[in-house]
Each structure stands twice: as C-alpha cells, then as structure tokens.
Amino acid sequence: MTTGFAAAGLGHRYGIRWVLRALSGHAPPGTAWVLLGESGAGKSTAAAALAGRLRPTAGTATFDAAPVDRRRVGWVRQDPGAVLDPRWPVGRSLLEAARGHRRTALAALDRVRLDADTVWTRRPDTLSGGQRQRAGLAWALAAGPAGLVLDEPTSALDAPLRQAVAATLKDLKASGMPLVIATHDAALARAVGDTVTLLYGGWPVEAGPAARVFAAPHHPYTAAWLLAVPRPDRPPRPVWLRPALPAPQGCALVRRCPFARPRCRADPPPWRTVGPGHYVRCHFA
Ligand code: SF4
C-alpha cells in the first residue's frame with residue numbers, strides 16, 4: 001500500500017485551459033515532496049488537489065492509498081487570514097480547530113514556536129505577517145492532521161522567519177508526518193525537500209531526489225532558474241531564458257528556450273531518465 005501522499009497523472013483545466021498536466025509523485029510518511037516553480041506553474045492547483053480541496057480533471061490524488069479525506073489532511077494556504085477567522089482572536093480559531101481541546105491548541109502553537117501569551121487573544125489583523133503565517137500553520141496542526149499540504153508557507157516572511165518555518169517543517173517530518181509543499185522558495189525546497197518536482201506552464205519538467213536535482217539540474221528551465229536564485233555562497237546569475245508565455249503545444253518552454261529545435265514545437269517531450277529516480281521532460285537534456 002502506498003502510504004502518505006501520492007499523485008498519478010494529475011491534471012486540471014479551467015474551461016479549455018489546462019493549468020496542470022500529468023503530475024505524478026509521492027510523499028511517504030516522514031518526507032516532504034516539494035512542488036517548485038514560478039507563479040502560474042500549476043503548483044497551487046496540484047497542492048489543492050492533494051489536499052482534497054479540488055477535484056482534478058484528470059488522474060488521481062490519494063492519501064494513504066485512498067481518496068484524500070479532508071479531515072485527515074491539513075491545508076495551509078498562501079493567505080493564512082483565509083483560515084483564521086478575522087473576527088475572532090487567534091485562540092478561539094485554534095480551539096475550534098482542536099474541537100475545544102485547549103492543550104492541543106497550545107501544543108500546536110508551541111510546534112510553530114509562537115508564544116501563546118503573545119497571540120492567543122489577538123485578532124489575525126493585529127499580528128505581523130510572520131506571526132499570521134505561523135498561526136495559520138498552528139491552526140492546521142490543531143486539527144491533528146495525519147499529513148499536511150502547504151501552499152507558499154514562507155511567502156510573507158523575512159529570512160530568519162523562513163528559517164524558523166523550515167525548522168518547524170523538519171520537526172514535522174521527524175515526527176513521521178508526510179508533507180507536500182508548493183513554493184517558489186528554492187532555499188526552502190533545499191532545506192526541507194526530500195523529492196522535488198519542477199513545474200513550468202502546468203507541466204512537470206524535472207523530478208527527482210532533491211539533493212540530486214539541486215546538485216545537477218538537467219532541464220534547461222531548472223538550471224536557469226536555480227542559477228538565478230540568490231545563495232549565500234555566490235551572487236545570482238542572469239536568467240538566460242527569454243521572457244515569454246508558456247507555449248500551448250509542443251514543449252511549454254519552446255518560446256523561451258535557447259536550445260529549442262523544430263521538434264520541440266511539434267511534440268511535447270516525454271520523460272527521460274537521467275539518474276536514479278531522476279527524470280527530465282526535455283527532448284535534448
Ligand atoms: S524540449 Fe526543446 S524547448 Fe523544451 S526544454 Fe528541451 S530543448 Fe528546450
């Protein structure tokens with residue numbers, strides 16, 4: 001039995017526009033599967049399907065080998081204000097999520113390193129961005145989920161708080177919880193991810209063990225994107241991909257990729273194996 005999160009051929013479209021295609025992957029207990037990409041890549045749609053909040057047009061999303069049960073899977077969205085009732089103090093929202101168990105609610109705050117004395121009686125709009133983000137995470141944990149899906153969990157945070165969230169997510173992994181993380185934060189993906197899938201224009205373009213993908217990216221998009229991300233050990237390098245929208249047919253990257261050839265315009269590239277568990281969707285990678 002496949003435990004934890006799994007996606008098989010996951011796809012979704014709004015009207016005639018496909019926003020996610022053929023995504024497959026797995027987050028067993030105690031691991032994090034990171035969906036990495038820029039805005040519009042399809043990662044939030046994938047996360048919503050894996051959290052059981054969206055019925056995909058194609059393929060399946062499962063948790064512990066069964067259709068995703070929203071009561072077993074926590075969901076932390078980009079805007080934590082959406083989960084914390086703006087009319088209520090944070091403590092009341094947490095108590096409701098914990099079905100009235102104050103100790104569970106306090107433990108959830110403790111897991112995200114928030115001081116209950118500081119936030120319990122305050123409304124979400126009086127908290128800092130970082131406090132709100134972590135209070136949203138505590139709200140999801142207060143319900144006692146068996147797995148957690150997070151959509152841009154570090155988007156509103158400065159560097160020290162991003163590191164604190166990464167530490168919290170590592171703690172959750174260590175407790176055996178499977179995680180799915182949709183993010184554009186490559187540093188978070190490096191710090192927490194066990195497996196990573198790069199998405200572009202709705203297509204997964206590279207997937208594999210996070211350490212392998214970050215050490216030796218094979219897809220032109222992954223390579224360009226990772227080089228452009230600032231790191232402590234080197235300055236960012238210019239992105240050499242041309243600015244353009246994803247192409248509707250053939251390879252999604254064909255309008256941007258300097259290596260594109262005629263075949264790229266006609267045929268969507270299939271997955272190719274480039275290492276153990278490491279796959280790339282490019283005709284010429
Ligand atoms: S399939 Fe062609 S256009 Fe797409 S990434 Fe590979 S070389 Fe570039």
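We count ligands from 1, going down the list as the structure has it; atoms in each ligand are counted the same way. Only heavy atoms go into these numbers, but all of them, side chains included; no hydrogens, no water, no symmetry mates.
Considering only non-hydrogen protein atoms, atom 1 (S) of ligand 1 sits nearest to H283 N, 3.4 Å. For atom 2 (Fe) of ligand 1, the closest non-hydrogen atom on the protein side is C264 SG, 2.3 Å.
D151 and R53 are not joined by a salt bridge, as no carboxylate oxygen comes within less than 4.0 angstrom of a charged side-chain nitrogen. Under the 4.0 Å criterion applied to side-chain N and carboxylate O atoms, D69 and R71 are assigned as salt-bridge partners.
D85 is not listed as a side-chain neighbour of R92, based on a closest heavy-atom distance of 4.5 Å or more. Put simply, the side chain of L36 does not reach to within 4.5 Å of the side chain of K43, judged on heavy atoms.
Residues V180 and L172 are members of separate hydrophobic clusters, defined by side-chain heavy-atom contacts under 4.5 angstrom among Ile, Leu, Val, Met, Phe, Trp and Tyr.
Ring-plane geometry between H219 and Y221 is classed as perpendicular, the angle between the planes exceeding 60 degrees on a 0 to 90 degree scale with a lower cut at 30.
Using a 4.0 Å cut-off to heavy atoms of F284, the atoms of ligand 1 that qualify are 7 (S). Shown in contact with V254 at under 4.0 Å from a heavy atom are these atoms of ligand 1, numbered in order with element: 3 (S).
Taking backbone and side chain together, C251 holds no N, O or S atom under 2.8 Å from atom 2 (Fe) of ligand 1.
Of the candidates R256, R255, R272, H219, it is H219 that places a heavy atom closest to atom 5 (S) of ligand 1. Relative to atom 6 (Fe) of ligand 1, the option among A285, C282, P269, P270 with the closest non-hydrogen atom is C282.
To the nearest 0.5 Å, atom OG1 of residue T168 and atom NZ of residue K170 are 10.5 Å apart.
At a heavy-atom distance under 4.0 Å, only side-chain atoms of C257, from C-beta outward, approach ligand 1. By the criterion of a heavy-atom distance under 4.0 Å, neither the backbone nor the side chain of R261 is placed next to ligand 1.
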